[in-house]
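Single-structure report; data block below.
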Amino acid sequence: MAFSRRLFAKALVGAGSIPLAGMALDAMRGAGDDAPSAGDRSASAAGRADVTSDSPGEPRNQPAATPDRTYSLDARRAGEGGTPLDSTTQYLYNRRYPAPELRVPAGDTIQVAVENDLPKGTGTTVHWHGVPVPNEMDGVPGVTQDPIPSGESMTYAYEASPPGTYMYHSHVAQQMDRSLFGPLVVEEEEPRLDYDREVVVFVDDYLAATPPTEENPDIPLYDGIVVNGRLPDDPQEVGVTAGERVRFRFINGASAGVFDLRLAGHTLTVTHADGRPVDPVQVDSLRFGSAERYDAVVEFDNPGAWELAATPVNAGDLGDPERGRLVVDYEQSSASPQSPRGSPTRLDRSMLRAVERYGHVRGSPDREYGLTLSPGDDGAWLMGGQRYPDADPLSVSPGDHVRVTMRNESEMYHPMHLHGHFFKVGHAVRDTALVAPGQQVTFDVYADNPGEWFFHCHNQYHLASGMARVVSYDRQA
Ligand code: C2O
Ligand code: CU
């Protein structure tokens, strides 16, 4: 494209509500094109609330005074059990890898007491990835709170809403790559899908060693791709019955891995992206980056033993770890599992159509930001040519319709996550958007949750190397 990266960054970053000069922007509008709102149609039929809020000046998800559900998480160094998954370089919540699932009905107030029993001098926080919590509950050190010092604790509380598949994780340094993470499920009152039971599938790039932590750390060499805490040579077996319908909640808990997920012998009916319901779409495989989630229903109609494979797309960057596995076994089958074969139909962003209404982003935006995603000097990773923390905040006002265009000028994937909000990307509504090498992605977001919100690449090494900004609400409404 015929415009310079610097010009692009300069002209758009901080442009406020100034309409953009004709510059290649039209050409830049890709997946995010503001096509007539897809969400509108099924929303009223289903009698669903708007996923955006009606009072943009008020913080979202304020907790009730008395919590409905309380949990406690104790962060501490792993033991010396002698298994590869019990390395002393790991940090665990409640001694579990991944950490226990937190599950709560939508609308309930969840309260989580977090105790920091990590080694002396190691602070920590917990971030509730995807949930539009009030800002002070968001768990971002240096942005929304000071880290909880070792030996101390902090209680987080917020209304668990809207329903969906989420995750929680530490937001300090590379603690997520030391395994401080787990699934968070907010249950619908009445699931609109028909299924017999659920299986949560948590995928991670497993690192037995201490993650690199210098200023611009490189992605480390991983020891394997782990599915539900099991290395590929010792996969979890899930027994199924012919005729059964299972709702899978796939969570990418990896710090750097981008995976193609595929279940041999079966079709995935994708029903949710990042927890938000979509019109069901049938595919053989889906690709997801760090912190993205998909729900998919599988109808088990093909007896045998089958492999669910998580194949790293960016294997070269990860040190070529073996692909992750889980085995699905029909009752009484003793066959060794079959691997996926043939060329799959892969989920594409354009196939996702949100069921819920995403309000207030019609027409032209009040603010528009364009950000290149590119490598910098000395291993830095830049957004709009700047390296966080030496980077300008993106300012917004409550009630603004903000449009953000990201252009990936690198050869790596960047799963870009905005805290505290869902956004509309194409016809989908989500909180994380995977931007492929050379690709450009536009999202529209309604500024309905005042505060200071992190916006960054979820690859923990790109984040540590500067690929982040703060979205900052100004005071006047
Ligand atoms: Cu899971 Cu700042 O992110
Ligand atoms: Cu990145």
Side-chain angles (χ1 to χ4, degrees), residues 98-99 124-133 135 137-145 147 156 164-177 179-184 202-205 216-219 251-258 274-275 288-293 313-314 317-318 371-376 379-384 386-389 406-423 430-441 449 451-471:
T124 198
T125 64
V126 182
H127 171 58
W128 317 96
H129 185 113
V131 184
V133 298
N135 197 233
M137 293 292 134
D138 200 43
V140 183
V143 179
T144 67
Q145 70 166 97
Y156 293 87
T165 303
Y166 301 95
M167 72 181 290
Y168 63 99
H169 62 83
S170 165
H171 218 297
V172 170
Q174 303 307 333
Q175 291 180 0
M176 187 175 148
D177 217 3
S179 309
L180 284 180
F181 53 25
L184 168 62
F202 196 94
V203 186
D204 181 32
D205 40 18
N216 293 324
D218 279 338
I219 295 170
I251 302 173
N252 186 335
S255 284
V258 179
D274 292 350
F288 68 163
S290 177
E292 288 190 289
R293 292 94 59 212
V313 176
N314 55 343
D317 303 329
L318 311 176
L371 297 164
T372 50
L373 311 175
S374 64
W381 281 99
L382 314 175
M383 274 174 84
Q386 299 181 352
R387 188 183 106 171
Y388 187 83
M406 301 165 291
R407 195 153 80 95
N408 187 347
E409 295 185 343
S410 77
E411 288 176 3
M412 287 194 162
Y413 280 88
H414 302 293
M416 302 300 298
H417 171 49
L418 173 63
H419 287 219
H421 304 74
F422 295 101
F423 50 71
R430 25 190 347 159
D431 56 62
T432 306
L434 184 62
V435 189
Q439 196 190 37
Q440 112 202 327
V441 172
N449 197 7
E452 305 281 304
W453 299 102
F454 221 23
F455 171 37
H456 63 90
C457 178
H458 215 279
N459 178 311
Q460 298 295 298
Y461 298 91
H462 296 174
L463 165 58
S465 304
M467 200 172 245
R469 291 292 180 104
V470 171
V471 170

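All values derive from a computational prediction rather than experimental measurement. Just follow the structure's listing: the first ligand is 1, and inside any ligand the first atom is 1.
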Between Phe454 and His171, is the gap from one ring center to the other below 6.0 Å? yes
How is the N/O/S atom of His462 that comes nearest to the Cu ion (ligand 2) named? ND1
How are the rings of His129 and His458 set to each other: parallel, tilted or perpendicular (split at 30° and 60°)? perpendicular
Looking only at the aromatic ring of each residue, does the gap between the centers of His456 and His462 stay below 6.0 angstrom? no
If we ignore angles and hydrogens, is there a donor and acceptor under 3.5 Å between the side chains of Asp177 and Tyr461? yes
Is it true that some N/O/S atom of Cys457, main chain or side chain, lies under 2.8 Å from the Cu ion (ligand 2)? yes
With a cut-off of 2.8 Å, does any N, O or S atom of His417 fall short of it relative to atom 1 (Cu) of ligand 1? no
Report the relative orientation of the aromatic rings in His417 and His127; use parallel for angles under 30°, tilted for 30 to 60°, perpendicular for over 60°. tilted
Presence of N, O or S from His458 under 2.8 Å of atom 1 (Cu) of ligand 1: yes
Can an N, O or S atom be found in His127 less than 2.8 Å away from atom 2 (Cu) of ligand 1? no
Can you tell me which N/O/S atom of His414 has the shortest distance to the Cu ion (ligand 2)? ND1
Give a yes or no on whether His129 keeps an N, O or S atom under 2.8 Å from atom 1 (Cu) of ligand 1. yes
Mind reading off the angle at atom 2 (Cu) of ligand 1 between the NE2 atom of His456 and the NE2 atom of His171, rounded to 10°? 110°
Less than 6.0 Å separating the ring centroids of Tyr156 and Tyr168? no
